[in-house]
Amino acid sequence: MSINNVYQPTAENLARAAEAIKSGKLVSFPTDTVYGLGANVYNAQAVANIFKAKERPLFDPLISHIAEIDFLPEYVETDSRVMDLARHFWPGPLTFVLKRKDNNPSIDLACAGLGSLAVRMPNHPVALALIKQSGVPIVAPSANKFKTVSPTTAQHVQDSLGDKVDMILEGGACKIGVETTIIDLTGKQVTILRAGGLAREDLEDFLGEKVLINDTSSSRPTAPGQLLKHYAPKLPLRINVEEKDVKEDEFFIAFGTTKRQANINLSKKGDLCEAAANLFAAFVRSRSQFVCCFKRG
Ligand code: TXA
Ligand code: MG
């Protein structure tokens with residue numbers, strides 16, 4: 001039996017959701033990128049329940065969500081480069097991987113036993129209010145089953161994990177619609193571990209230096225989002241297909257202007273940000289045997 005546990009983010013419901021987080025329950029909340037499945041980082045049982053709900057392997061660490069930049073040095077090792085990046089890009093679609101500050105065993109599970117910790121500040125009023133009222137960092141992966149596409153609406157969360165979540169806070173469609181860019185700040189050179197909502201060029205402009213990209217894929221990643229299978233739609237997907245090569249029985253996801261009738265157009269005006277925001281939702285809507293993307297330009 002399916003239950004509807006989507007709540008409007010009223011003051012009363014936010015207080016209730018914060019209590020739920022504090023007491024070790026799971027709350028799904030909207031962010032600027034995608035919906036997260038949140039738990040109190042200091043409650044190991046709650047963190048374990050995230051892995052269980054998502055059917056996610058325990059070696060895949062989680063991102064901590066915080067609501068104040070000043071809290072960062074209390075939580076992880078920082079330096080002036082880290083703080084400058086935080087002041088410039090937070091709140092926003094950028095996650096830092098930093099050295100862990102202490103060996104607090106209660107965050108071991110969230111870190112998957114690594115010596116580093118991923119942390120971000122989301123740019124969404126509902127997320128920020130929930131974190132502040134909970135009074136703890138909230139660990140949250142995207143609120144979808146492991147390896148499937150990430151949810152960009154409360155309804156997606158309800159459809160995918162509805163019965164495994166105590167509350168889902170409604171926050172409308174996510175503006176960015178793809179996950180955060182994750183950068184490794186544990187070494188001298190800044191390295192992108194996962195491409196996402198913030199462009200490499202924006203980082204390079206700010207830092208005044210080249211940013212590396214870690215593009216190794218493996219079945220047991222030290223870097224995020226890099227399992228050989230990740231963000232997979234349920235059906236086979238062909239990308240960068242010419243319009244003329246789209247087959248009759250294919251679900252045609254277009255980009256920009258097309259002559260052929262598309263099932264969905266990610267952005268008629270060819271805007272990459274708008275397309276990113278619509279991408280996962282388009283995957284969810286496609287029902288025919290193949291999904292197909294139209295080549296840009
Ligand atoms: O936009 C986002 O980042 C969303 C929203 C909810 O914040 N979250 C998200 O979380 O995408 P998740 O769990 O689906 O992806 C986080 C990625 C994982 O692939 C994990 O491997 C990586 O971050 N990660 C977490 N901690 C790490 C660490 N210490 N070192 C390297 N990678 C890490
Ligand atoms: Mg994810």
Side-chain angles (χ1 to χ4, degrees), residues 26-39 41 47 50-51 53-67 75-77 89-101 107-124 126-128 130-131 137-152 154 156-157 160-161 165 168-169 171 174-187 191-198 214 216-232 276-277 280:
L26 301 187
V27 175
S28 176
F29 59 95
T31 79
D32 43 350
T33 55
V34 298
Y35 275 71
L37 177 64
V41 70
V47 178
I50 288 184
F51 287 95
K54 276 192 61 117
E55 298 167 21
R56 173 174 170 133
L58 290 168
F59 60 73
D60 201 5
L62 303 173
I63 298 174
S64 294
H65 295 64
I66 65 170
Y75 192 49
V76 269
E77 291 291 349
F89 289 108
W90 282 4
L94 181 64
T95 296
F96 301 159
V97 169
L98 299 164
K99 287 199 182 108
R100 271 171 73 172
K101 199 177 184 68
I107 62 170
D108 268 349
L109 191 53
C111 298
L114 296 174
S116 59
L117 176 73
V119 53
R120 71 171 292 226
M121 187 192 296
N123 189 11
H124 196 294
V126 174
L128 294 172
L130 178 68
I131 302 163
I138 297 183
V139 273
S142 44
N144 54 299
K145 285 235 167 77
F146 186 59
K147 292 183 177 175
T148 62
V149 296
S150 300
T152 53
H156 290 165
V157 182
S160 158
L161 293 175
V165 191
I168 302 168
L169 287 172
C174 299
K175 285 213 174 78
I176 295 173
V178 290
E179 280 93 341
T180 51
T181 298
I182 303 184
I183 53 173
D184 184 351
L185 291 171
T186 60
T191 306
I192 293 181
L193 299 177
R194 177 181 74 183
L198 186 77
N214 180 338
T216 51
S217 291
S218 74
S219 56
R220 187 183 170 115
T222 52
Q226 293 184 333
L227 286 169
L228 292 173
K229 182 172 177 191
H230 211 85
Y231 310 136
F280 287 144

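Note that the structure is a prediction, hence the values are computed from the model and not measured. Read the numbers this way: they start at 1 and go in the same order the structure lists the ligands and their atoms.
Near Thr33, with a cut-off below 4.0 Å to any heavy atom, the atoms of ligand 1 are 1 (O), 2 (C), 5 (C). Annotation for ligand 1: atoms under 4.0 Å from non-hydrogen atoms of Leu114 are 28 (C), 29 (N), 30 (N). The distance from ligand 1 to the heavy atoms of His65 drops below 4.0 Å at these ligand atoms: 5 (C), 6 (C), 7 (O). Counting atoms of ligand 1 from 1 in the listed order, those under 4.0 Å from a heavy atom of Ile182 are 17 (C), 23 (O). Atoms of ligand 1 lying under 4.0 Å from any heavy atom of Leu117, numbered from 1 in the order shown and given with element: 29 (N). Each of the following atoms of ligand 1 lies closer than 4.0 Å to a heavy atom of Ile63: 3 (O), 8 (N), 9 (C), 10 (O), 16 (C). Contact atoms of ligand 1 toward Ser116: 28 (C), 29 (N), 30 (N) (distance under 4.0 Å to a heavy atom of the residue). Short contacts between ligand 1 and Asp60, defined as distances under 4.0 Å to a heavy atom of the residue, involve ligand atoms 18 (C), 19 (O), 20 (C), 21 (O).
Residue contacts with ligand 1, taken as heavy atom pairs separated by less than 4.0 Å, do not involve Lys99 at all. In Asp184, neither the side chain nor the backbone holds a heavy atom less than 4.0 Å from any atom of ligand 1. When heavy-atom distances to ligand 1 are checked against a 4.0 Å cut-off, Thr180 comes that close through both its backbone and its side chain.
The distance from atom CG of Leu62 to atom CD1 of Ile138, rounded to the nearest 0.5 Å, is 13.0 Å. Leu117 contributes atom CG, which lies 11.5 Å from atom NZ of Lys101 (distance to the nearest 0.5 angstrom). Note: Glu77 CD to Leu185 CG = 13.0 Å, rounded to the nearest 0.5 Å.
Note: an N/O pair closer than 3.5 Å links Arg194 and ligand 1 by distance alone. Between Arg56 and ligand 1, a contact under 3.5 Å exists for at least one N or O pair.
Compare Met121, Arg120, Arg100 by their heavy atoms: the one nearest to atom 5 (C) of ligand 1 is in Arg120. Counting heavy atoms only, Ser142 comes closest to atom 14 (O) of ligand 1 of the residues Pro93, Ser64, Ser142.
Using cut-offs of 30° and 60° for the angle between ring planes, the Phe96 and Trp90 rings count as parallel.
Metal site remark for the Mg ion (ligand 2): Ser150 contributes no N, O or S atom at a distance under 2.8 Å.
The minimum heavy-atom distance linking Tyr35 with Gly171 is given by the pair OH-N, 3.0 Å. Looking at every heavy atom in both residues, Arg56 comes nearest to Pro141 through NH1-CB, 3.4 Å. Minimum interatomic distance between Pro93 and Asp32 (heavy atoms only, all atoms of both residues): N-OD2, 3.6 Å. Minimum heavy-atom separation, His156 to Pro151: CB-CB, 3.5 Å.
Of the candidates Leu193, Val97, Leu94, Leu94 is the only one forming a side chain to side chain contact (heavy atoms under 4.5 Å, CB included) with Ile183.
Remark: Ser64 engages Tyr75 in a side-chain hydrogen bond (donor to acceptor under 3.5 Å, both in side chains) (not counting sequence neighbours).
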